[in-house]
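First up is the structure itself, then whatever we jot down about it.
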Amino acid sequence: MGIDATAIRPVSTVDPFSHAFLTDPYPHHQAMREAGPAVWLAQYGIWAMARHQEVRDALTDWQTYCSGAGVGLSDFRKEPPWRPPSIILEADPPLHTRTRAVLTRILSPAAINVLRETFTREAEALAGRLVARGSFDGVADLAEAYPLKVFPDAVGISEEGRENLLPYGNMVFNSFGPRNDLFEKAMANAAAVRDWIMSKCSRAALAPEGLGMQIFAAVDAGELSEVEAGMLVRSFLSAGIDTTVYGLGNALYCFAQYPEQWTILRENPNLMRLAFEEVLRFEAPVQTFFRTTTRAVDVGGVKLADGEKVLLFLAAANRDPRRWERPDSFDIRRRATGHMTFGTGIHGCVGQAIARLETEAVFSALVKRVKAFELVDEPVRRLNNTLRGFDSLPLRVVPA
Ligand code: OVM
């Protein structure tokens, strides 16, 4: 009732989607963590959270922080979405519960283990070729080449037109931000790219044994409609490429930048899983997601109203000194589980078993063959409203 004289409202004028912020977000993350448990971003009229505890609490409380109004800046209740909303990412229970159950089953660690042999063989072959070459672009030749081969094969889509997959991911992940220059550039050829993607999502376009057709098997079992199955194949093609591309690129960057950590991994290959968690903590390929409040809520004394957009800085939570010792040092021996890069709660990454399989396959192949990675030129960043990663990583490898 009335004015609460004790209410606090930390404010920041920073633009988290500006080139300056996206190029070097970490000082801004620190400023936002220090400003308060929730910070009003005046430029957009939205809230932001950057501390580990608050980000985690928001992700866990899907009733207060919903996804159905979109997980980008745009509020689907106020403006039309650029594409039909995802029925898993941009959905709340009960719809989300039903779609999620199907993908949880298809992408379970046991189900994904079936792919291990193929994924390992492809990783060994690619690593063998690249190390023989001696120098290569860590992005185009490895971080992009590998997921672009193994993931569409696993989903069961044809070879034709796969060059549309990266542009589509670029559209999807830029679209979570404002309609800035990055968004406009990503959308340059949107109609053709979107049409190609949709043409690959039907039952008729999918190989009989792949992950895509397994979604259609759930239609036959009465769990989904035919249209919903196509939408979930679209989720595979939206979420399954760029995330792993940026993750592999960031891993290469970390090991080129911190060669002593590569040496530790070579001497202890059993640290592979922890090392990947640390890469995800330290250089999160997915930096942010939004939620929308469904009621007024008090966050550590800061009062958020109903229906407000909340920008969750996963990557800032990952370096919160309240949660991590020496948060800004890359240390593969630390217990990095508990990072927020896969999210948590009901929307926690359903594809993480595939992401882990891809990374393990690639880095197990490299750890046997590579003594050290050296950057032979400046890495070039690729800016994106959601993703953090590189356009190119000019690498030379010292063979083992
Ligand atoms: C989807 C989707 C798109 C982008 C990311 C994502 C990280 C999901 O279409 O369901 O999850």
Side-chain angles (χ1 to χ4, degrees), residues 55 59 62 65-74 76 81-93 95-104 106-107 147 151-152 155 157 164-177 182-183 186-187 190 193-194 196-198 200-201 211-212 215 218 224 227-248 250 280 284-291 311-315 317-318 339-356 358-359 384-389:
V55 167
L59 289 171
W62 57 266
Y65 299 94
C66 78
S67 293
V71 296
L73 174 63
S74 169
F76 293 176
W82 72 279
R83 60 172 195 165
S86 164
I87 60 170
I88 182 159
L89 178 77
E90 294 156 333
D92 299 308
L95 170 61
H96 172 269
T97 314
R98 185 162 55 82
T99 55
R100 171 86 187 197
V102 174
L103 292 197
T104 299
I106 295 172
L107 300 175
F151 187 73
V155 172
I157 66 169
N164 287 290
L165 287 166
L166 285 173
Y168 189 67
N170 201 36
M171 287 159 58
V172 167
F173 285 96
N174 275 307
S175 75
F176 297 128
L182 296 168
F183 175 92
M187 290 294 176
V193 175
R194 190 233 295 125
W196 180 87
I197 291 286
M198 294 319 292
K200 296 294 153 189
C201 293
L211 299 174
I215 297 179
L224 298 171
V227 172
E228 287 174 333
M231 288 294 285
L232 289 180
V233 176
R234 192 193 72 173
S235 286
F236 277 173
L237 302 183
S238 304
I241 310 270
D242 293 63
T243 47
T244 47
V245 165
Y246 282 67
L248 288 169
N250 289 354
L280 291 177
V286 177
Q287 293 271 299
T288 47
F289 267 122
F290 285 82
R291 292 291 187 262
L311 176 53
L312 302 177
F313 280 94
L314 313 175
N318 288 350
H339 66 72
M340 288 294 120
T341 306
F342 283 138
T344 188
I346 66 167
H347 289 281
C349 180
V350 74
Q352 56 185 286
I354 296 207
R356 290 206 167 87
E358 289 184 34
T359 321
N384 181 291
N385 283 329
T386 303
L387 302 169
R388 177 168 176 79

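Ligands are counted one by one from 1 in listed order, and the atoms in each one are counted from 1 as well.
- Remark: aromatic rings of F176 and F289 are close, center separation under 6.0 Å.
- Of the possible polar contacts, none joining the N385 side chain to the L182 backbone as a donor-acceptor pair under 3.5 Å is found.
- Although no hydrogens or angles enter the test, the distance criterion places a donor-acceptor pair under 3.5 Å between the side chain of T243 and the main chain of A239.
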Name each N or O atom in ligand 1 that is under 3.5 Å from a protein N or O, and give the partner atom and the distance.
unit_1: ligand 1; atom_1: 9 (O); unit_2: R83; atom_2: NH2; d: 2.9
unit_1: ligand 1; atom_1: 9 (O); unit_2: S235; atom_2: OG; d: 3.4
unit_1: ligand 1; atom_1: 10 (O); unit_2: S86; atom_2: OG; d: 2.7
unit_1: ligand 1; atom_1: 10 (O); unit_2: S235; atom_2: OG; d: 2.6

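- Although no hydrogens or angles enter the test, the distance criterion places no donor-acceptor pair under 3.5 Å between the side chain of T244 and the main chain of P147.
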Next item on the list: Walk me through it: do I346 and D92 pass the test side-chain contact (heavy atoms from CB on, under 4.5 Å)?
Entry: CA-CA 9 Å; I346 66 167; D92 299 308; over 6 Å; no
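- The aromatic rings of H96 and H347 lie tilted to each other, with the angle between the two planes from 30° to 60°.
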